[in-house]
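Some notes on the structure that comes next.
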Amino acid sequence: MKDSIVFFAPNSRIAALATNAISQMNLSIPVEEAIDYEAVELLHKYPSCKVAIGRSGTADLLRGVKGLSVVDITASYYEIQRGISNLIEKRCKNISVISQYNFIGLTHAEFNVGNVKVTLNPCKNTEDIISTVERRVDSGTDGVLGCVLAIETAKSHNLIVEPLESDFFSIKKVILQALEMLEYLNVSQKNFECMETVLDNIDEGVIFFDSDNKPAIYNESALKLMQPESKEQWFHILEDYMNRANNVPRVVNLNQNKVLFRSIPLSGNKFISGNKTSSNVVIMQDSTAIEENAKNIKISSYEKGLFARRSFKDIRFESLVMEDAVALAKRFSNSDSTVMLFGETGVGKEGFAQSIHNNSPRAKKPFVSVNCASLPQGLVASELFGYAEGAFTGARSSGKKGLFELAQGGTIFLDEITEIPLEVQSQFLRVIQEREVMRIGDDRIIPLDIRIICASNKKILPLCEQGKFRYDLYYRLNVLQLTIPPLRERSMDVLVLFKAFMAEFLHKNEEDIEFEDSIRSVLLAYSWPGNVRELRNFAEALSFYGDEIKVSNVLNILNHDKEVVSAGSDGGQQVLNFKDDMPLAEIEKEYYRYMLERHSNAEVAKLAGISRTSLWRKLKTLGLSD
């Protein structure tokens, strides 16, 4: 940038040296012969100036200009030595070197050159220069080497003087320092602009407070969060939160909004804005933005099939058999061994798989769910193991990761494992044994760090005997075995799940879901061949009839005005003659007759939600006491 550097020379000699050095270096830097406030005034001619070169008091004054960096013209050791030599030739025995500290350095020093005493006296300002000359006169100084003011003061005391000037090499050196300073400022400016771009494109509100507790830098998000308060009040509003906060985010109330708040103290190298430093950075995020981001992350994960939604707390039950199943699954979750889940269609095998994953050390890693029956025939291997570039006609030009690779670090759930074609099972076995995979058409082996959970609604050993499933693969998969009981074997869970599903579909609390005893009887008597999935679909259909749950609607959905058929565990058919026009007493009698054939009196009382004494009375009333 033109005129980014301006050279302010204290006299014509320095100006000539600077002009000569700039010409030799093939640069374009303006040189102005000016000192003190005159130099400050001349800066208005150069609005693009970032770096000024000046000497002594002029350099100090230039430092007071906001946004301006200053490089000092200094005296070299050679120049000081030459001046001392000139004074020795003039027979001086006590020499004082006097000038501002930014010209001769910060160190006070005394040394001898032969029998000549020399003192080095750095000064803070013009007053200090005058008083230093006078003190050195009282100490017996007979020669002064220094700046113009030191020389003039020394002459008034009839001392021998020698001006201290910079030579060509010192001038050239200071110009090189100015160029380095300009390059540093340009890089810093670019970094700062990048930082501003980033700050203006993030959800978090960020505020840098300067040393005067004013917002030196802030982004649009911070402005929105702090509205309608004026910027002068920001520090006062946030000060209490800043004193109590640390790097760990905490939720605070700000302008009637819940905000995630962090305050970061900048120790050591503090952030610099202009000529002020910042020791505090505040980071804030609106809770609605956090919720939206979390939602987007979940949506993205759902789209990729890499997210386990359910955990053990989502599995609703009261039966002892389910309590045992969940307890065993929790123990399995602490292991990395392969798990085989058995259960009928609809019992919730994937829910168990997701819960095991979310309760394991791999919970924050991917969860890949695969229904083996839905994999395209002929492409099962490429879907599971992936393929390399150009592996076959129609393959992606960049190749494709397989489902095992997508699960890297996490868990892969293989539902309906028995549907994997026999010709692929040998490759699948190697992946499980070696925990490594090779893409189709590739020669590179990819190590895998995954947990495998499989599921089946069929007994696998009979398939092995029929030659449809490999024995070695079955024994490799069947390490930790868990059977999830069907809903007909845990009647106690039917009402719990029904109330939970109805509350979900009616948008109510579970305690607000009420229904008659006759409905309880129907739900418990039905065998639910489709298990939890059927019960959920039933509740969804029933919710469309309105908030009031009627037995006629229940019967209509379950049997469409026909008999309610319950499949027993032995595959036989047990008929319950429930009809829409049956009196409640007849429905109850049919229900209790059916339940007593399948359960003990104690179990029937518990399932019906009554005491054993009440059951005895009811059975006597219904004529079933014998």
Side-chain angles (χ1 to χ4, degrees), residues 1 4 40 43-44 47-52 60-70 181-298:
M1 187 184 295
S4 295
V40 176
L43 271 177
H44 294 108
S48 301
C49 180
K50 292 183 178 180
V51 181
D60 277 346
L61 288 173
L62 289 170
R63 282 192 177 85
V65 177
K66 186 177 181 180
L68 183 68
S69 297
V70 179
M181 175 69 74
L182 180 62
E183 182 180 2
Y184 169 79
L185 292 173
N186 287 337
V187 170
S188 297
Q189 180 65 27
K190 288 180 181 178
N191 291 340
F192 182 75
E193 289 170 358
C194 288
M195 183 184 75
E196 283 191 317
T197 302
V198 171
L199 290 179
D200 288 335
N201 286 277
I202 60 176
D203 293 332
E204 289 89 348
V206 181
I207 307 174
F208 287 83
F209 286 103
D210 65 21
S211 52
D212 293 331
N213 296 332
K214 294 180 180 178
I217 295 177
Y218 55 89
N219 60 2
E220 189 66 25
S221 298
L223 190 62
K224 289 179 181 178
L225 288 172
M226 296 304 299
Q227 284 179 344
E229 305 295 342
S230 65
K231 290 191 285 291
E232 289 74 17
Q233 295 297 315
W234 286 5
F235 186 85
H236 175 71
I237 293 169
L238 301 175
E239 184 177 12
D240 184 50
Y241 297 139
M242 291 165 67
N243 291 337
R244 289 185 285 140
N246 50 37
N247 289 337
V248 179
R250 58 193 299 267
V251 177
V252 303
N253 292 314
L254 184 63
N255 294 331
Q256 298 182 340
N257 293 320
K258 288 192 178 297
V259 174
L260 197 65
F261 183 92
R262 273 194 300 163
S263 176
I264 304 174
L266 296 181
S267 58
N269 296 325
K270 296 182 179 180
F271 175 80
I272 299 177
S273 172
N275 60 346
K276 293 183 178 180
T277 61
S278 170
S279 56
N280 282 293
V281 180
V282 166
I283 301 174
M284 304 174 290
Q285 189 172 18
D286 192 351
S287 58
T288 56
I290 297 171
E291 292 170 1
E292 187 64 28
N293 288 339
K295 179 182 176 182
N296 291 336
I297 291 171
K298 284 187 177 181

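Remember, predicted model here, so these are calculated numbers, not experimental data. Note that the numbering runs from 1 along the sequence shown for the chain.
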Given side-chain contact (heavy atoms from CB on, under 4.5 Å), test Lys231 with Tyr218 step by step and report yes or no.
CA-CA 10 Å; Lys231 290 191 285 291; Tyr218 55 89; 3.1 Å; yes

Subject >> Trace of the side-chain contact (heavy atoms from CB on, under 4.5 Å) decision for Val282 with Phe235 >> reply: CA-CA 10 Å; Val282 166; Phe235 186 85; over 6 Å; no

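Residues satisfying the side chain to side chain contact (heavy atoms under 4.5 Å, CB included) test with Leu43, not counting sequence neighbours, are Phe8, Cys49, Leu62, Val65, Leu68. By the side-chain hydrogen bond (donor to acceptor under 3.5 Å, both in side chains) test, Gln233 pairs with no residue at all, sequence neighbours left out. For Lys224, the side chain to side chain contact (heavy atoms under 4.5 Å, CB included) partners two or more places apart in sequence, or in a different chain, are Glu220. By the side-chain hydrogen bond (donor to acceptor under 3.5 Å, both in side chains) test, Glu183 pairs with no residue at all, sequence neighbours left out.
When Leu238, Leu223, Val281, Ile217 are each tested for a side chain to side chain contact (heavy atoms under 4.5 Å, CB included) with Ile207, only one passes: Leu238.
The shortest heavy-atom contact between Glu229 and Ile237 is CG-CD1, 3.2 Å. Closest non-hydrogen pair, Leu185 versus Lys50, comes out as CD1-O, 4.0 Å.
Residues Met226 and Met284 are in side-chain contact: their nearest non-hydrogen atoms beyond the backbone lie under 4.5 Å apart. At a threshold of 4.5 Å between non-hydrogen side-chain atoms, the residues Phe209 and Pro215 count as touching.
Side-chain atoms of Asn213 never come within 3.5 Å of backbone atoms of His236 as a donor-acceptor pair (strictly under, hydrogens ignored).
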